[in-house]
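Basis for what follows: all heavy atoms, side chains included, without hydrogens, waters or symmetry-related copies.
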Amino acid sequence: MRTGRDWAVDITAFLFAAAFGIGFALLRGDDPHVAGWVLVADQVTGGLACAAIWLRRRWPFEVAVLLLAVTSFSETAGGASVVALLAVAIRGTIRQAIVATAVGAASSVVFELLRPDPDVSFAFVVVFSTLITVALLGWGLFLRQRRALLAELRERAERAEAEAQLRAEHAQSQAREQIAREMHDVLGHRLSLLSVQAGALEYRRDASPAEVAGAAAVIRASAHQALEDLREVIGVLRAEVSELPQPTLADLEDLISESRRAGMRVALRSEVSADTLPERLGRTAYRIVQEGLTNARKHAPDAEVSVRLSGTAGHGLTVELANPVLSTSVSMPGAGQGLIGLAERAMLAGGYLAGQRAGSGEWRLWAWLPWPA
């Protein structure tokens, strides 16, 4: 089906062919060397050749061969044959274009034999007509390569745009995953503190007013801090992921102190200085400890948790958490996403994480992270 551009090209080609034929008809109208019936037949053939131009899109090679053959006795069909030769050079195969060019060159020889011009030599007419035909072939092949190049560039641009969109979607997906992980780590820790303290108030009905007031103070502080953390995370949802609140290993002492104030028993043994640890590595270690403490509060709220960090540059950083598995512990709701997220964190950092129940009745969380020398 023709587009608007196709119609414009076809109309222009038809008008060119018609103008070419009319020009030659006027030029040869009073030629004493050509019989009248020959001129009439030439003009009728030229008109039919112009009409045949409209079929060149469907049969480019056949129309080109026919019109080029017609020029062996019709001058007025010359314009139509030019259009047809260009069409087969652009849309047909290279072999078809060469065959059509050969037909055109042969037709010029036949025309000069049938209707010689007494004022111009035979050799000049044949050579000039052949050169014109070959030049038209070259021009058509140039247009063909230009179209192919433009189509390839257009395809490359579309492919590059699609790839850029995929990269943007992938980056957005990664950003959402990281934001979700940050929200889980930050809010999970705070809300687990709230749950532990609320559970203590529920089960210890004989608690003294001072103990109740202390627990309520911790609940209030944890709830306030959870709201602040939530506001901070939501506030940067439209910002770059690097602008999210990012703790480091230097904040580990504050994390342990907060857990102790909530009633947890935590023993920290760190053989690593936060100043010598890369920031990204320290942040990953912090999140592992944070999630480990959150899990301990969920599944063994009355157990003592030991935290140990060790390692050196070039050998890696080891993070270990251990706590007894209490048969009387009451587990809080959880989907296990915390440990999955930690495993992903460790893997992205180039390390690995494992959690298992030891034969001594302890739950151990162990992670190794690479520490560049």
Exercise for the section: Give the minimum heavy-atom separation between G78 and S81, together with the two atoms involved. Expected result: O-OG, 2.6 Å
Handout entry: Neighbour count above 12 (heavy atom, 6.0 Å) for R57 CZ
Key = yes
Exercise for the section: Output yes when a side-chain donor or acceptor of R260 lies under 3.5 Å from a complementary backbone atom of V266, and no otherwise. Expected result: yes
Problem - Sub-4.5 Å side-chain heavy-atom contact between L268 and V289 - result: no
Problem - Over 12 non-hydrogen atoms of neighbours within 6.0 angstrom of CD in E279 - result: no
Exercise for the section: Hey, can you tell me if F20 and F16 have their rings parallel, tilted or perpendicular (30° and 60° cut-offs)? Expected result: tilted
Exercise for the section: Return yes when atom CH2 of W139 has more than 12 non-hydrogen atoms of other residues, nucleotides or ligands closer than 6.0 Å, and no otherwise. Expected result: no
Exercise for the section: Evaluate the side-chain proximity of L48 to V70: yes if any heavy-atom separation is below 4.5 Å, no if none is. Expected result: no
Practice task
Verify the neighbour count for atom CD of E253: are there more than 12 heavy atoms of other residues, nucleotides or ligands below 6.0 Å?
Solution key: no
Exercise for the section: Would you check if the side chain of R144 reaches a backbone N or O of G92 as a donor-acceptor pair within less than 3.5 Å? Expected result: yes
Problem - Under-4.0 Å salt bridge between R159 and E155 - result: yes
Exercise for the section: Would you check if V127 and L131 make a side-chain contact, meaning some heavy-atom pair closer than 4.5 Å? Expected result: yes
Exercise for the section: Mind listing the closest non-hydrogen atom pair of A49 and A77 along with its distance? Expected result: CB-CB, 3.7 Å
Practice task
Check whether any side-chain N or O of R58 sits under 3.5 Å from a backbone N or O of L55 as a donor-acceptor pair, and report yes or no.
Solution key: no
Problem - Side-chain heavy-atom pair I53, D10 within 4.5 angstrom cut-off - result: no
Practice task
Mark yes or no for whether S107, through its side chain, and T71, through its backbone, hold a donor-acceptor pair below 3.5 Å.
Solution key: no
Handout entry: Pair E152 + R156: basic N to acidic O under 4.0 Å
Key = yes
